[in-house]
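Notes to accompany the following structure.
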Amino acid sequence: MSTILVAGAAGTIGRHVVPALAHRGHRPVAFGRDSERLAVTHPGVECRVGDFGDPETLRAAMAGVDGVFLLSPNTPDQVQHECAVIDAAAAAGVRRIVKLSARGAHETSPVAFWQWHAAIESHLERSGVPYVALRAGFSMANVLGHADQVRDHDILPAPALAAPVAMVHPADVAEVAAHLLATEPFPTERVLELTGPQAVTFAELGELLTDVTGRPISYVGGTDDQVRQSLGERGVPGFVTDQILAIFDQLRAGAQSSTTPTVTDVLGRPGRPVRDFLAENAAAFNPARQNRSAS
Ligand SMILES: NC(=O)c1ccc[n+]([C@@H]2O[C@H](COP(=O)([O-])OP(=O)(O)OC[C@H]3O[C@@H](n4cnc5c(N)ncnc54)[C@H](OP(=O)(O)O)[C@@H]3O)[C@@H](O)[C@H]2O)c1
């Protein structure tokens, strides 16, 4: 049984990595800044509290750890933060790292987030620690970012997008990560690209949301300026808006229209379709029910 430190354990993907490791007979250790959040998300699992920006907490978190699942959010500190985790892992003799990266990671990518992932992958390569970079495609979880507009206005807005996108289920990304961390011997591939089982357009997503919610949901395309204004009104920082628009620019050009067989190859089953993700999260897309109980 190996001990695996899971960074981002309370987040969208990390929350699935912890049980997937336990299911495979390994000992996950949940890492994050908020002990209460970690304990509520993962009852009965050892939690270690720390901050990617605090090397001493990273050093302490690595005690007795055999492997690391590495994930951090897209903040301006991302490269510094993930490189600090890699350095702490290397110093502690950690034997394997699975890093969540992004499809399109490249040092000259027009998307800064994807440049950052490429820089972290290069640091991993230099560290000497065996690793796999999981370059995950556009996440189905991103659709939840539009849930309020689906719920309140029956629309799915996105920058005009005719190209299909092979969105991947966050739980599939997590299961692939857990499987690789649990595999003996550790795989020799350094980069794996993950997608969902089929590509869908945003118009098709609107149709799937119509099925799932039982209400007609329309996809509404928008110009970059409209998106900029709408995100600005919602308090999204300008730099993040620029990155979102750059990502949609890539998607419009078909950069994520193709599928890869990685999920099936690793897990021996196809990836979950987007319909499943929408159905699992149907409550987020439906208006809250009135309290009809007679009291
Ligand atoms: N969305 C996509 O389409 C897509 C596609 C490919 C790759 N990705 C990559 O996915 C990553 C984000 O994953 P996610 O969606 O699972 O993230 P998330 O839901 O935002 O979770 C981030 C986690 O990191 C923890 N965290 C944040 N700052 C921390 C710090 N300073 N020290 C320690 N822990 C910290 C948070 O926990 P606490 O706040 O409790 O500490 C949280 O558990 C990004 O790197 C992104 O590039 C996303």
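For ligands, and for the atoms within them, numbers begin at 1 and follow the listed sequence.
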Return yes if some donor-acceptor pair links the side-chain N/O of [X] with the main-chain N/O of [Y] below 3.5 Å, else return no.
X	Y	result
Gln226	Thr223	yes
Ser101	Ala133	no
Arg15	Ala9	no
Gln78	Ser72	yes

Exercise for the section: Could you check which of Thr41, Asn142, Asp54 puts a non-hydrogen atom nearest to atom 1 (N) of ligand 1? Expected result: Asn142
Flag [X] as yes when one of its N or O atoms lies below 3.5 Å from any N or O atom of ligand 1, and as no otherwise.
X	value
Ala102	no
Gly11	yes
Glu82	no

Handout entry: Residues His123 and Asp87: side-chain donor-acceptor under 3.5 angstrom
Key = yes
Looking only at heavy atoms, is any part of [X] under 4.0 Å from ligand 1, and if so is it the side chain, the backbone, or both, or is it neither?
X	answer
Arg135	neither
Ala7	neither
Asp77	neither

Completion exercise
If you scan protein heavy atoms around atom 38 (P) of ligand 1, the nearest is Arg37 NH1, 3.4 Å
Completion exercise
atom 24 (O) of ligand 1: closest protein heavy atom, distance to 0.1 Å, is Gly8 CA, 3.6 Å
Within less than 4.0 angstrom of ligand 1, does [X] place any heavy atom?
X	answer
Arg103	no
Ser101	yes
Gly53	no
Arg15	no

